Amino acid sequence: MTTRRTRIAGTGHYVPDRVVTNDELEAVMDTSDEWIRERTGIRERRFTDSETTCTDLGVAAARRALDEAGWSEKDVQFIIFATLSPDMYFPGNGVLLQSKLGLPGIGALDVRNQCTGFLYGLSAADAYIRTGMYDRILLVGSERHSVGLRMDDRGRDTAVLFGDGAGAVCVEVTDGVDGSFIIRHHLHADGRYADELCIRSPGAGTRPWLTREMVDDGSSHPYMNGREVFRNAVKRFPEVILEALESEGYTPENVDAVIPHQANQRITDAVAKRLGLPPEKVISNIEYYGNTTAASIPIALSEVVKAGTVKRGSLVCLAAFGSGFTWASSLLRY
Ligand code: COA
């Protein structure tokens with residue numbers, strides 16, 4: 001093998017069966033289907049039942065990715081799990097997934113980069129493989145938002161946005177001669193914006209880390225400065241996509257598909273417009289799932305692979321922006 005490169009060998013996704021429409025949210029908080037659709041493009045999202053955890057969603061997506069890649073569980077040498085809604089404060093979901101897949105002994109890494117978690121995870125998998133540390137890595141992005149949302153009037157600005165689901169990819173070594181390989185990643189963060197999109201409690205930054213008052217005042221639910229997030233997202237998404245393309249001498253016309261983190265349809269539309277791309281090249285499924293944070297890119301990728309929209313050799317740019325703020329892109333030949 002001349003050059004060690006990395007490719008995505010298989011994709012998989014899983015969303016819970018339970019569909020939650022905007023009308024259902026309207027029944028528990030002061031909102032409307034019209035407001036949600038106009039401002040976000042979301043019509044419905046999926047919520048788990050009372051038993052299914054974030055790791056369970058991840059396991060289901062992982063098994064589908066393994067099938068598509070033609071791997072058995074035993075082929076997995078390392079696990080990376082990206083989520084902001086882990087089953088426990090610690091340990092992380094990586095070891096829980098490892099146990100549920102029956103793979104004791106292999107390493108498991110947890111990524112906490114929220115909406116960009118999948119891309120930070122993909123960049124780590126790519127680096128581990130290129131340097132020869134591993135040949136086959138399972139990367140999962142999964143979220144169970146439904147248990148953490150504030151389902152009343154005070155939570156309406158965030159509760160209507162998020163949904164549950166998981167996506168996974170099997171990442172393996174290749175020499176790239178068949179034209180299927182990851183090209184490069186660009187990772188960014190600006191922690192000055194940490195307070196603009198966060199869950200403040202529980203956290204060891206306060207003493208005690210969780211009180212009755214924190215629960216009552218809503219700081220254990222997501223807080224978002226929607227306008228600030230929007231303003232930064234419409235700037236950073238195009239910036240990081242163009243950074244990826246220009247670093248390889250490409251222009252937007254060369255791209256077969258841009259798969260953005262599914263934050264908001266208005267953000268996705270603004271990105272398409274800024275890049276001069278037709279809407280069909282900028283993948284969107286937010287209408288059906290809402291924002292699934294670390295899961296949104298691998299769910300969308302899995303869907304377009306299965307639909308045949310993205311084929312082997314397609315030039316694909318994955319891009320994300322979110323809490324931190326963090327933003328990132330991964331450019332690849334699928
Ligand atoms: N239903 C009805 N009204 C709502 C509402 C809801 N679910 N949530 C907020 N509102 C109200 C607000 O209270 C405000 O009322 P007011 O004018 O009486 O104060 C009004 O709608 C407008 O709120 P505003 O925040 O100005 O709306 P907006 O046009 O900025 O849209 C978002 C709100 C959240 C849709 C928008 O800011 C956004 O998309 N931000 C980015 C979100 C995102 O992508 N987050 C994830 C990042 S990864």
Side-chain angles (χ1 to χ4, degrees), residues 20-45 82-85 111-120 141 143 145-146 148-165 167 188-191 193-199 218 221-241 259-273 282 284-287 289-300 318-329:
V20 177
T21 63
N22 293 342
D23 289 342
E24 273 186 71
L25 298 183
E26 199 173 326
V28 295
M29 62 186 74
D30 182 14
T31 190
S32 67
D33 174 53
E34 190 190 2
W35 192 95
I36 301 170
R37 275 192 291 112
E38 271 181 13
R39 302 290 177 114
T40 72
I42 300 167
R43 285 177 186 272
E44 58 192 42
R45 72 286 293 141
T83 187
L84 67 67
S85 49
V111 174
R112 291 195 47 180
N113 285 70
Q114 300 68 247
C115 305
T116 50
F118 181 78
L119 298 188
Y120 270 74
E143 301 291 355
H145 281 302
S146 54
L149 299 171
R150 183 169 185 142
M151 303 301 277
D152 60 20
D153 291 354
R154 283 177 63 196
R156 68 177 182 169
D157 60 332
T158 49
V160 302
L161 299 177
F162 297 99
D164 300 341
H188 299 282
D190 190 342
Y193 294 92
D195 288 341
E196 305 294 1
L197 180 53
C198 61
I199 294 181
H221 296 290
Y223 165 78
M224 182 178 71
N225 179 346
R227 285 188 183 175
E228 194 63 19
V229 172
F230 194 94
R231 201 176 61 78
N232 280 272
V234 295
K235 175 168 181 275
R236 297 305 191 184
F237 265 114
E239 196 177 274
V240 77
I241 292 166
I259 305 182
H261 160 56
Q262 306 289 302
N264 181 319
Q265 189 58 45
R266 286 191 305 159
I267 294 174
T268 299
D269 291 345
V271 172
K273 193 169 169 209
V282 184
S284 170
N285 61 12
I286 194 165
E287 191 177 346
Y289 305 131
N291 180 341
T292 57
T293 309
S296 87
I297 290 177
I299 290 174
L318 313 176
F321 172 88
S323 161
F325 290 149
T326 56
W327 61 103
S329 61

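First listed ligand is number 1; within each ligand, the first listed atom is number 1. FYI, side chains are in, hydrogens and waters are out, and symmetry mates aren't considered; it's all heavy atoms of this structure. Only a predicted model underlies this, so the values are computations on that prediction, with no experimental measurement involved.
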A.B. asks: What heavy-atom pair brings Met29 and Arg150 nearest, and what distance separates the two atoms?
C.D. replies: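 Smallest heavy-atom distance, with atoms named: CE-O, 4.3 Å.
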
A.B. asks: Which heavy-atom pair separates Thr293 from Gln114 by the least distance, and what is that distance?
C.D. replies: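 Answer, listing the atom of Thr293 first, then Gln114: CG2-C, 3.5 Å.
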
A.B. asks: Taking only residues two or more places apart in sequence, or in another chain, which ones meet Arg112 in a salt bridge (charged side-chain N to carboxylate O under 4.0 Å, His left out)?
C.D. replies: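 Applying salt bridge (charged side-chain N to carboxylate O under 4.0 Å, His left out) to Arg112 gives none.
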
A.B. asks: Give a yes-or-no answer on whether the side chains of Ser85 and His145 include a donor-acceptor pair shorter than 3.5 Å.
C.D. replies: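 Looking only at side-chain atoms, His145 and Ser85 do not form any donor-acceptor pair under 3.5 Å.
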
A.B. asks: If I compare all heavy atoms of Pro222 with all of Leu149, which pair ends up nearest, and what's the gap?
C.D. replies: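 Between these two residues, the closest heavy atoms are CG-CD2, 4.2 Å.
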
A.B. asks: Can you tell me which residue among Thr40, Ile36, Thr31, Val160 is in a side-chain contact (heavy atoms from CB on, under 4.5 Å) with Asn22?
C.D. replies: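 Checked Thr40, Ile36, Thr31, Val160 against Asn22; only one passes side-chain contact (heavy atoms from CB on, under 4.5 Å): Ile36.
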
A.B. asks: Please tabulate protein-ligand N/O pairs under 3.5 Å for ligand 1, atom names and distances to 0.1 Å.
C.D. replies:
from: ligand 1; atom 1: 1 (N); to: Thr31; atom 2: OG1; distance (Å): 2.6
from: ligand 1; atom 1: 3 (N); to: Trp35; atom 2: NE1; distance (Å): 3.4
from: ligand 1; atom 1: 3 (N); to: Arg156; atom 2: NH1; distance (Å): 3.4
from: ligand 1; atom 1: 7 (N); to: Thr31; atom 2: OG1; distance (Å): 3.1
from: ligand 1; atom 1: 7 (N); to: Arg156; atom 2: O; distance (Å): 3.0
from: ligand 1; atom 1: 13 (O); to: Arg156; atom 2: NH2; distance (Å): 2.9
from: ligand 1; atom 1: 21 (O); to: Trp35; atom 2: NE1; distance (Å): 3.4
from: ligand 1; atom 1: 26 (O); to: Arg227; atom 2: NE; distance (Å): 2.9
from: ligand 1; atom 1: 26 (O); to: Arg227; atom 2: NH2; distance (Å): 2.5
from: ligand 1; atom 1: 27 (O); to: Arg39; atom 2: NH1; distance (Å): 2.9
from: ligand 1; atom 1: 29 (O); to: Arg39; atom 2: NH1; distance (Å): 2.5
from: ligand 1; atom 1: 37 (O); to: Gly226; atom 2: O; distance (Å): 3.2
from: ligand 1; atom 1: 39 (O); to: Asn264; atom 2: ND2; distance (Å): 2.3
from: ligand 1; atom 1: 40 (N); to: Gly226; atom 2: O; distance (Å): 3.0

